[in-house]
Amino acid sequence: MDVKFVRTICPYCGCGCEMLLQVLDGKAIGTVPSKTNPMNQGKLCIKGWNVHEFVHSPKRLTSPMIRKDGKLREASWDEALEFTASRLREIKEAHGGDSLAFLTSAKCTNEENYLLQKFCRVGFGTNNIDHCARL
Amino acid sequence: MTNSIAEIEDADCIFVIGSNTTVAHPLVAHRVYQAKAKGAKLIVADPRRIHMTLVADLYMQQKLGSDVALLNGMMSVILANNWHNKAFVEERTEGFDKLEELLKDYSPEKVSEICGVPPEDIVKAAELYARSERSTILYAMGITQHSHGVDNVKCLANLAMLTGQIGRPSTGVNPLRGQNNVQGACDMGGLPNVYPAYQPVIDEGVKKKFEDAWQAPLSQKVGYTIMEMMHGLEDGSVKGMVIMGENPVGSDPDTNHVRHALQSAEFLVVMDIFLTDTAELAHVALPGACFAEKDGTFSNTERNVLRVRKAVDPPGEAKPDWRIICDLSTRFGLPMSYGSPEEIFQEIAKVTPSYAGLSYERLEKGGIPWPCPSADHPGTPILHKDRFTRGKGLFHAIEYRPPDELVDAEYPFQLTTGRFFPHYHTGTMTRNSPTLDREMPEGYVELHPDDARELGLKNNDRAKIVSRRGEVVSKALLTDLVEKGTIFMSFHFMEANANVLTNPALDPICKIPELKVCAVRVEKLKEPEAAVAQE
Ligand code: SF4
């Protein structure tokens, strides 16, 4: 039996409560609020207390999918990435970088947000990047 | 936020406007209750009788979209009684004359007619806020999601500057950001007009700086906002779209239009942790890792940069989005070879002045609020202490404008939207969490008992709600949380999503859509229709 507690941050609201995710044999099984954190001081709300539950939901997307004959079908990473990269290249070449648009995410990390805006700005020479800050 | 969450506890007066804090920011609400227990006065202004109104010293139920009038009214009272902070206005602000001139037209009596709040309450609110030693303003999307959202925010800034309730502990103008990392996404330049740290894309020098850092030519043209992208997809100027971890079909106004727009894309790629309504429309859907499966940082609403740590492996073939972007970019012909999020963070610190002093090593001890310009800087919990970002704080004289869509004979109700306590945003995560789903497995529409009686609706009856943009069916809940003539719905439930109905009219400056007010009609669903809707 392998048990550990991993210090991390609740992914729901902007409060950013610190918590310990309880992990048993590679599965998140519980959440404990961080007592020493000066913001949440040992407290979480109902969403935070139950945050581990969606992590292992059977409905998670677990494989890349490509639309074929109108339906999304499982594909390998190789195939999905190659196809995506070539379609993006084609569109950029045919219509210019401004014909592409990117949505980054208030749910992803700073690092991921940074990379996507860099990919958009450098790869396509466009500033067509936004996210749902206003929503 | 200009100030930190913990400081709220020591405020003498807290003014909550357009924020259902208890539901959307429970741990901020906790501080408000603590402050109250220590003797703080609480003013709540909200068109809906939210939970926090139960403990408020003063509750103002302003009409939807009338915030500018209400705030101007408070300020005119403050001036008339000489409750403003003259020294602060003199030393730290400019543009006062124009504001003073404008406020002459906003007597409490006149304002009362617009916003429906009794004049004596406006006076009381003004006095409490202005004359308390430390007053703080908390607001959220109830202020911003309007076609005059920027006006609302400027009015709050006016109020804080007029009374000098800013730049000190437990004061300030504090927007509560709805999503864990909406602050970070903005900080990182996930916006069409700015690079990381809000450096404008139109600025020649800034462009040069990033061209050097990234070794590539960049565009000086402001890009499209999300709503403009949707229009672009429809008129063909935008052909392809890459979406990471967002569900615009659920979260954006006028769902039918958004769906149509995304379907018009020649190529749509979506990275997400679930097959959301948006991902279902994609040509390629890529499985991302959730917060528990990756390392990185989030920046919370207090601007605190916080470390997220990997606890478990992603399921199946799923990968962290940063890896997906690296792989995709490399295949696209722009090699990216970051070995870890930490490496990316080091680059962020190099090009983002407000993050320059931050490192994973420093964050190990706990979050640090930006601006943090150097490795020995402790971070900045309170903004605008001695000066405003632009130097002097600028007053804006702002006239009240009504909402974009007003009620009429055909659409006699006003719809407003928000969250319910167990759920979050479009429900992607919470509805896949069994405990939370059990708390509230389906949504409902709140309507006033008097209105319900006239429509012949009882609790749990199915109501059809129709706007100019679409219709949804939802269970009715009779409650006086809402005023007569107003109904409330959430956007957690894709099968009955308020955003099918909402108005995409935009604020002219920041392009935020008017999600908080639109005109609708409510009907009782006829039996056969109800049977179908039940399925
Ligand atoms: S535990 Fe609740 S209050 Fe804390 S960050 Fe998560 S959702 Fe927000």
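These numbers were taken from a predicted model, which means no experiment stands behind them. Numbered from 1 within each chain, the chains take letters A, B, ... in sequence-line order. Hydrogens, waters and symmetry mates are skipped; everything else that's a heavy atom, side chains included, is used.
Residue A:P38 touches chain B through its backbone alone, counting heavy-atom pairs closer than 4.5 Å. For B:A29, no part sits under 4.5 Å from any heavy atom of chain A, backbone or side chain. The contact between A:L21 and chain B is made entirely by side chain atoms (from C-beta outward), counting heavy-atom distances below 4.5 Å. Proximity to chain B (any heavy atom under 4.5 Å) is shown, for A:D25, by neither the backbone nor the side chain. For chain B, the nearby part of A:H56 is the side chain; its heavy atoms alone come within less than 4.5 Å. Of the atoms belonging to B:R323, not a single heavy atom falls under 4.5 Å from chain A. Contact of A:N37 with chain B is not made at all, since no heavy-atom distance falls under 4.5 Å. Only the side chain of A:I91 comes within contact range of chain B, with heavy atoms under 4.5 Å apart. With a threshold of 4.5 angstrom between heavy atoms, A:Q41 approaches chain B through side-chain atoms but not through N, CA, C or O. When heavy atoms are compared at a cutoff of 4.5 Å, A:C15 approaches chain B by way of both its backbone and its side chain.
At a threshold of 4.0 Å, the pair A:E112-B:K294 counts as salt-bridged, since one of the basic side-chain nitrogens sits closer than that to a carboxylate oxygen.
Of the possible polar contacts, one joining the A:R60 side chain to the B:G288 backbone as a donor-acceptor pair under 3.5 Å is found. Formation of a donor-acceptor pair under 3.5 Å by the A:N50 side chain with backbone atoms of B:T435 is not found in this model. Judged purely by atom type and a 3.5 angstrom limit, A:N128 uses its side chain to pair as donor or acceptor with the backbone of B:Y224.
Ring pair A:F83/B:F267 is perpendicular by interplanar angle, where above 60° counts as perpendicular and below 30° as parallel.
The two residues A:S105 and B:A185 make their nearest non-hydrogen contact at O-CB, 3.8 Å.
Distance CG/B:L328 to CG/A:L88: 6.0 Å, rounded to 0.5 Å. Taken from CG in A:L81 to SG in B:C326, the straight-line distance is 11.5 Å, to the nearest 0.5 Å.
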Criterion side-chain contact (heavy atoms from CB on, under 4.5 Å) on A:R87 and B:E266, from CA distance to verdict: CA-CA 9 Å; A:R87 286 296 284 134; B:E266 249 177 53; 4.1 Å; yes
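With no hydrogens or angles considered, a side-chain donor-acceptor pair links A:N110 and B:S299 at under 3.5 Å. At a cut-off of 3.5 Å, with distance as the only test, a side-chain donor of A:K107 or B:N180 sits close to an acceptor on the other residue.
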I'd like a table of donor-acceptor pairs (distance under 3.5 Å, sequence neighbours excluded) in which one partner is a side-chain atom from residues 65-72 of chain A, with atom names and distances.
residue, atom, partner, partner atom, Å
A:R67, NE, B:A282, O, 2.8
A:R67, NH1, A:G70, O, 2.8
A:R67, NH2, B:E280, O, 2.5
A:R67, NH2, B:A282, O, 2.9
A:K68, NZ, A:E79, OE2, 3.1

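The interface of residues 117-125 of chain A with chain B, defined by heavy-atom distances below 4.5 Å, comprises A:Q117, A:K118, A:F119, A:R121, A:V122, A:G123, A:F124, A:G125.
Paired with B:V312 under the rule side chain to side chain contact (heavy atoms under 4.5 Å, CB included), one option of A:L24, A:I29, A:V6, A:V55 passes, and it is A:V55.
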